Amino acid sequence: MSKFIRVKCNKCNNEQILFEKLSTNVDCLVCNEKLAQSTGGKAKILGTILK
Ligand SMILES: [Zn+2]
């Protein structure tokens, strides 16, 4: 089961919902800053994780 996480872009403060596990990198939809990196397992989150 995958968990969802809310990540805030450090560059433009846009918030996006991401899967904890990613098969591809995720970019910010607004400014294209990289928000999360696929590692084959748990994603490496590059933005700010919100609770
Ligand atoms: Zn952004």
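All of these numbers come straight from a predicted model, not from anything done at the bench. Both counts, for ligands and for their atoms, begin at 1 and track the order of listing.
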- Message: In the structure I gave you, are the side-chain heavy atoms of Cys9 and Val30 within less than 4.5 Å of one another anywhere?
- Response: no

- Query: Do any protein N, O or S atoms sit under 2.8 Å from the Zn ion (ligand 1), and which ones are they?
  - Reply: Cys9 SG, Cys12 SG, Cys28 SG, Cys31 SG

- Query: Are the side chain of Asn10 and the backbone of Glu33 linked by a donor-acceptor contact shorter than 3.5 Å?
  - Reply: no

- Message: Under a 3.5 Å distance rule, please check whether Gln16 uses its side chain to pair with a backbone N or O of Leu29 as donor and acceptor.
- Response: yes

- Glu15 bridged to Arg6 by N-O distance under 4.0 Å: yes

- Cluster link Leu50 to Val26, ILVMFWY, side chain under 4.5 Å: no

- Ignoring hydrogens and angles, tell me if any N or O in the side chain of Asn25 forms a donor-acceptor pair with the backbone of Ser38 under 3.5 Å. yes

